[in-house]
Every structure is written in C-alpha cells, then in structure tokens.
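Naming convention: chains lettered A, B, ... in sequence-line order (proteins, then strands); numbering from 1 in each chain. Bear in mind the structure is a predicted one, so any value in this text is a computation, not a measurement.
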Amino acid sequence: MASPRSNLHQESTNTEQIITEFFAKCLHIILESRSPCAYSRNYSGEQTQSSPSSSSSSSSSFRPRDKWLNLALRDCVVDVILVRGPVDCDPVRCSPRRGLVKNLSVEELFPNFWNSGHEECLLEEKSEKIIERWVIQYKNQKSRDFTSGSKRSGGTSSKSLYKKSIVLLRSLYLTVRLLPAHKLFRDLNKSGQIHTYTLSHRVSSSVEPFNRREEEEMRPFNRTEVDTSCGRLCLSVLYRPTLSDLSLEPSTPISPQFIPDYVGSPMTDPLKRFPSLPLAGMVAHGSPSSFPFSRRHSWGYDIYKASQPSVSPSPSPTYSDSRALLSNLGSHRLPPVSLPRHPHETPSSSNVSLCHQYNTSFDEYWPSPIFSPSSSPSPPTHIPSSHPSNALLRCDSAPVSIPAARFGRSPGLPNNHIVPLAPFSKSSRPSSSQTDNSRALLRPGNIQTSVPVRKFSLGKDEVGNLPGAKISSNSSPQISISRSSSRLSFLEAFDDSEFPCPFAVDYDDIRDMHTRYVIQLVAYFVCLMSISEWVSLAVPDPYIYSGFDREPSRYENASDNRQGVTEC
Amino acid sequence: MNCEVCHLKELEVEHFEIREVLRWLRCFRIAPLILLGNLYKSFSSSSYASGLLCLQFRCYNVIYFLPEPTMLKLDAGILHSIVFHRALGPVRPKDVDSELFEITYVQCGDSNLEKKIEEKIDHFIGWVEKHPNKKSQVYSLLLPKLFSNKIERLYWEHWYVNLNVAQPPKAPSRKSHHSKVVVDPGESALEERNVRRTALEVSLREVLFQIIKFVNEKKDHIPPIPNLEGVSFPYEITIPSSSDSSFGMDMIKRMLQTGRPTMLS
C-alpha cells in the first residue's frame with residue numbers, strides 16, 4: 001500500500017507534469033495565433049494522424065501529445081528569422097522552454113519593418129510596440145504568497161488541476177481569437193495586401209515591466225488562477241485594446257515596375273548596349289561602359305567579352321536570392337507587366353524545383369519582376385515565409401527568372417504565345433555549365449541567365465515572330481501591363497526599329513551560339529513581361545512556401561501553378 | 001444560492017446575424033439568458049470524487065433585438081461556444097471566421113455536433129419565422145450520465161439563450177414630402193445596417209470577454225471528464241417548438257418532468 005509520502009510525491013510529480021504541458025500548450029496556442037503565415041487554419045483533418053494504440057475511439061487517432069489537456073494542436077514550428085534593421089534591432093527570438101518553467105512571458109510585438117517611403121530594400125526603420133503580453137506563471141508553494149491563498153485547504157488535486165487546466169486552455173484558445181491582435185494576424189495571412197507591419201513575438205522567462213505610458217495603454221483581461229497542491233498556476237494577459245492609432249491599414253501593392261536597364265544574357269554582347277527607353281529607362285546605344293550599372297555574374301563573366309559591361313547591380317539585400325525578384329535599377333521604372341494566367345507548358349523535371357522557387361518568389365514578391373542583373377548567381381535554397389511586406393520592396397538587382405514552363409515549349413510558337421523561357425534549349429549541347437546556367441536562369445530573380453536554353457530554340461525566322469521581339473498588340477493577351485500605359489511605351493520601344501532593342505539580334509556579327517542565345521533572350525524578355533502579369537493575377541499563398549500544413553485547396557492551387565511553371 | 005445574474009448590454013442585430021452569433025457563442029459557455037427565477041439545485045454524488053456538485057443557472061440578461069438573419073447567426077455562434085467550453089474531451093479545434101463579424105469562433109471539430117447544431121438552428125429559424133416579434137429561447141442543457149444502472153438526468157449546468165427577434169425596419173418611402181430632400185433609402189439603410197453591425201460586434205465582443213471571465217471563475221461543479229473524444233458530456237439543445245405559444249412554457253415543462261434531483265448520500 002502506497003504510503004502517504006509516496007502519494008504526495010506522485011501527486012507533486014503529476015502536478016509538475018500537468019504544469020509543464022500546460023505551459024507548452026499555452027505557448028503553442030499563443031504563437032500559432034500570432035505568427036502570420038506560420039500556421040494553417042482549420043486543423044481538423046489536415047494532418048495525418050499516427051494512431052496511437054488507445055482504447056479510445058479510433059476514428060480520430062489522437063496522438064499522445066494531443067491528448068494532453070485534451071486539445072490537439074497543430075505542429076509547432078518556430079522560424080528564426082533574421083530581420084535587417086538598426087544595429088540594435090532585435091530579431092525574432094524564441095526560446096521555448098519546457099520543463100519546470102516557473103514563468104513564461106510571451107509578448108507579441110508589433111514591429112514596423114518597412115518604411116514605405118523608401119525604395120531601397122534595406123530596413124530603414126524598425127519600431128516595436130508590444131500589443132499583447134501573455135504571462136503564464138506557476139508559483140511554487142515555497143514562494144507562494146500565503147496571505148492570499150492560504151485559506152484554501154490543500155489546493156487542488158492533480159485530477160482537478162487537469163480538469164481546470166483543460167477549461168483554462170479552452171478559454172485561452174478562444175481568448176487569443178477575440179483580442180484585437182488576432183485581427184492583425186488574420187489580415188497578415190490574407191493575400192493580396194501589403195502590410196507595413198508584421199507580428200513578431202518574444203518569449204522570455206522574465207517579465208519586463210512596462211513603462212508608465214505602455215502600462216496605460218494596456219488593459220488586463222481574465223487573470224485566472226488555479227491552485228494546486230504545490231503552488232498556483234496563473235494565466236493573464238495584457239493587451240492593447242485599440243490598434244487603430246497605429247496606422248495599420250494595408251496598402252495596395254505598389255505598381256509593378258519595370259527595370260529599365262535589364263542587362264539580359266551575358267552571352268550576348270549587344271545586350272550591353274541597349275539604350276534607355278523613354279519610360280523604361282533602358283540603356284541606349286553606347287559602350288558597355290555606358291551602362292549605368294554593371295553586372296557581376298560569375299557565370300556570365302566568361303561569356304561576356306571585354307566589352308561586357310560590369311553591371312553593378314542596384315543594392316541588393318542580403319536576403320535570399322529567391323526573394324530578390326524586384327530590383328530598382330535607377331529611377332526608371334516601368335509599370336507592371338502583366339503575366340499570363342495560365343502556363344502553357346511545364347518544364348523539364350530538372351527545372352521543377354527551380355521553377356517552383358521562381359513561382360514561389362513571384363507569388364511572394366509581386367507586383368512585378370524587375371529586370372535587373374543578378375547580384376548573386378547562387379540559387380535560393382530557402383524561401384523565408386515571413387515578412388511579406390518586405391517582398392515587394394526588396395528591390396535589388398536580382399533578376400527575375402522566367403518561367404519557361406508557362407510558355408510555349410517548342411520553337412515556332414505562334415505569335416499569340418508567350419515565348420517560353422525554358423532554361424534549356426533542345427538543341428543546345430548539354431553541359432554542366434549550361435545546366436548551372438539554366439538553373440541560375442530559373443532561379444527567382446535571375447532572369448538574365450538565358451544561356452543555355454536547352455528546350456527552347458528559335459530559328460531566325462522565329463525571331464521576327466517572337467512576341468517578345470515585337471511586342472505588339474496582337475501578342476498574347478496575357479502580356480499586358482495592367483496599370484499603366486507604359487506597356488505601350490515598352491512595346492513601342494520594341495517596335496521602334498531605330499530604337500535598339502536590348503535583345504535585338506545582329507545576325508551578322510554573332511555566332512550561331514550567340515544567335516540562339518539572343519533569340520532566347522528576346523523570348524525571355526517577353527516572358528518576363530508576361531510573368532509580371534501572371535504574378536499579379538496569382539494569389540500569393542504564404543502557406544505554399546512556408547511548407548506548413550495548409551488546406552488542400554490551397555495546396556492544389558500551388559501545385560497547378562508549379563506544374564505550369566515547370567513546363568518547358 | 002441565488003442565480004448569478006450578469007446584466008449584459010442589449011444588442012440590436014439583424015435577423016441574419018443571429019446564426020453567426022449563436023455559432024460563435026458556441027465556443028463559450030455563454031448565453032444570454034432570461035432570468036426565470038432563482039433556482040439552485042445542489043446535490044452530491046458518490047460517483048464524483050470532487051464531492052458536491054452544484055448546478056448553477058447562469059443567467060444573463062441579454063435581449064437581442066435581432067433581425068432574423070443576424071439572429072440566426074448568433075444562434076450558431078452561441079451554441080458552438082457553449083459546446084466548445086463543455087466538450088472537454090480531446091478535440092481538434094477548428095477556427096471559423098464569422099461571416100458577418102470580425103470575430104473568429106471555434107468549433108470542436110465534431111461533424112456530428114455541428115450538424116446537430118445546424119439542425120437546431122434551422123428549426124429555430126423556422127420557429128422565429130412563424131412567431132415574429134416574439135421572444136424566443138434557445139437553451140442547451142448539459143447533463144452527465146450517472147454511472148449507475150439507472151440513467152437519471154442530472155443537469156449540472158443550464159444555459160439559456162434568449163433572443164428577441166425584431167422585424168427589420170421598413171424601408172422609408174421614396175416619396176419625400178420635401179422635394180428638396182433627396183432620399184436614398186438604399187444607402188441610408190445600408191449605412192444604418194453597417195453602423196448597427198459594428199456596434200453589435202463591439203458589444204458581442206464585450207459580452208464574450210465577460211463570459212470567458214465568468215466561465216473561469218466557476219469550475220468546481222464540472223464533473224470528471226469521461227475518456228471520450230469531443231463532447232464527452234451528454235448535452236441537449238432545446239428550442240421552442242412550433243406548438244409553444246407561451247414564453248418559457250417549455251422550460252417549465254422540463255422542470256416539472258425532471259423533478260428535483262435526489263440527494264445522493
């Protein structure tokens with residue numbers, strides 16, 4: 001027969017375990033409802049459950065951890081994201097602790113990561129404002145204040161504690177969805193809007209007191225205490241009741257802008273001499289040195305001859321290249337270029353992942369791809385899922401990869417088709433360098449890598465028929481600049497025979513290889529215009545890129561896009 | 001022990017909003033209730049280790065002057081809120097964004113429960129349509145099953161949801177007596193509706209905050225949680241039937257049928 005002492009010890013152990021699980025679930029609930037783009041909604045039926053052997057109903061197959069406190073939550077994934085900002089900026093840090101955590105403070109921060117007044121992609125300002133503070137405390141009996149709760153006899157048994165913890169957790173789950181910050185969370189997860197803010201969080205084990213001003217702005221709610229045999233569990237929240245004074249209105253996406261001085265393929269010398277368009281600001285005639293910027297592509301440098309301009313890219317973020325779709329090359333920008341909605345083809349299998357990355361990046365970084373030389377040829381390895389507000393204004397020189405999959409694969413495309421931008425040409429000789437180049441081509445933001453387009457080959461005759469070469473009104477309706485008349489200007493620039501097109505081909509001066517590359521460049525250029533339209537029409541779905549669970553419909557849409565993009 | 005009365009703010013909502021609010025309030029143990037009188041039942045049961053089990057009538061004096069669509073929305077939200085707070089078995093919560101309000105409520109993820117609630121709401125809607133401008137009551141009863149040979153209904157908690165469905169305001173006549181005044185009934189009605197809805201949302205949120213607080217204040221009367229998924233406790237949702245002609249009659253009938261709970265020693 002168990003001794004009272006062993007029972008007490010067992011009771012204490014059970015209580016500590018309940019408290020630990022409670023802490024973990026509270027943190028989980030708070031974070032999943034305040035971390036934009038990190039969690040999918042509607043957990044039911046999304047995850048495949050590993051059915052633990054249980055005597056309970058086998059229909060739902062709750063995992064053991066789901067059964068704790070009878071609240072099944074989604075998987076908790078915490079991204080550690082580097083946020084550029086001032087020196088003293090505090091990137092998101094999360095140090096979840098498990099075990100006998102006595103105090104846990106979760107603060108929902110409200111950092112303003114973006115200064116919309118700047119075109120640069122660097123984070124000029126960063127301000128944080130705490131809009132919620134969740135405090136989960138467990139005070140052991142030793143440190144417990146006996147004056148307030150000493151009258152209660154014996155505290156709560158572990159069974160009763162478990163029951164009350166369940167109720168408390170249910171209330172917490174609903175409370176986080178009632179507070180004003182949840183609206184921000186929902187808005188951030190909505191697509192099609194650009195926000196100048198995001199939600200961040202900071203988990204700490206100590207509570208930093210608010211200053212007087214902050215304290216006046218915060219309001220407590222629902223401080224709940226549960227006495228246990230060993231202490232007291234307390235859950236409280238301070239929240240900012242009004243967020244309207246923080247200027248959180250989402251803004252419409254900025255107009256897609258066209259990089260005027262798109263360098264194009266390094267394989268083509270004439271590309272260096274493209275003049276500046278009236279609106280696009282494309283570089284006019286001149287030596288390569290007249291380029292306003294130079295490219296620094298290791299993969300293209302060898303191909304370029306001495307006249308190859310060293311195009312200096314516009315400031316590029318240190319962020320992943322996959323995000324560097326938009327660049328700001330000088331002050332010349334074109335309005336957005338609309339892209340075709342529906343891809344025509346799928347790329348080869350070798351381009352699947354890259355096109356997906358491209359697709360991902362476009363969805364994230366619409367409104368427009370901006371032609372610019374890429375500052376870094378390395379393909380993106382990860383597409384961060386946070387801070388969508390940074391996406392569109394990450395205007396560096398990273399080129400935009402052209403999803404050749406979306407456009408005609410084979411040569412001899414009809415005029416109403418977008419010229420494919422497949423990184424591979426059927427007739428090209430496969431080589432590792434070309435493969436790398438093609439991969440670089442499909443890398444988001446790296447549109448210049450038009451070089452070895454294996455699956456795409458255009459003959460001379462096709463050049464004239466290329467909708468990209470002569471972007472006329474009868475080109476694919478998918479090519480359109482939806483927002484302004486700059487398309488017409490752009491088209492006019494191409495139509496203007498006296499205006500040397502950057503992709504213009506001088507058949508007399510270039511070799512066969514260069515001819516093909518030039519043709520491909522023109523095609524890519526056209527496709528880029530179409531891509532911008534396509535991106536504008538695509539519904540950015542952060543869930544696609546975060547890799548988290550998501551509704552099947554969303555996943556299917558992403559698959560369709562990806563399928564289309566990868567067609568070459 | 002007297003009933004606890006919480007005077008909440010009166011809400012004016014449209015009829016089509018009822019369903020949504022009721023759905024949303026399902027998450028909580030709420031409900032606007034009508035005070036039928038102080039009624040307190042207490043009994044002890046040997047099957048409960050906690051000892052005395054108190055049945056409390058949670059009384060909230062909330063009267064919804066609701067246009068029919070709003071009321072229907074409110075019904076669903078309230079019921080889901082109640083059940084979520086009382087379905088203490090393992091659940092996979094499901095967030096549902098309100099169609100009419102900037103509020104997210106939670107469902108238990110139990111399809112059977114949702115279906116049943118929707119059926120009840122539909123019946124309630126039908127009743128409201130047949131009895132316009134009449135106070136209606138939707139209440140859910142939560143009752144445990146005694147672990148004995150004889151199944152007795154012991155209500156350990158009652159929730160009453162009272163709704164007062166108002167007829168939508170008549171559209172102003174297009175003919176204005178003042179020729180100079182240009183009357184646009186469409187825009188004015190829409191604007192009025194938006195204002196009313198915004199006010200309702202704010203009030204509803206306040207009510208829910210208050211209810212959450214109240215829910216956490218009283219936990220001792222909750223019986224031990226059975227090892228069942230989802231809605232672990234039996235529950236019952238009762239709506240006024242078409243034959244009910246008087247307000248609260250159904251409740252009185254139930255009280256008479258249930259009788260006084262026996263004191264288990």
To the nearest 0.5 Å, atom CG of B:D95 lies from atom NE2 of A:H182 at 6.0 Å

For the residue pair [X] and [Y], what are the closest heavy atoms and their distance?
X      : Y      : result
A:L174 : B:V106 : CD2-CG2, 3.0 Å
B:P93  : A:A72  : CD-O, 3.2 Å
A:L168 : B:K219 : N-CE, 4.4 Å
B:I222 : A:K163 : O-NZ, 2.5 Å
B:H85  : A:V167 : NE2-O, 4.1 Å

What residues form a side chain to side chain donor-acceptor pair (under 3.5 Å) with A:R219, not counting sequence neighbours?
-> none

Any side-chain heavy atom of [X] sitting closer than 4.5 Å to one from [Y]?
X      : Y      : answer
B:I103 : A:L178 : yes
B:D220 : A:K164 : yes
A:R170 : B:L88  : yes

Partners passing ring-ring contact (aromatic ring centres under 6.0 Å, His included) against A:F221 (at least two apart in sequence or in another chain) | B:F209

Non-hydrogen atoms of chain B under 4.5 Å away: do they reach the side chain of A:L69, the backbone, both or neither?
-> neither

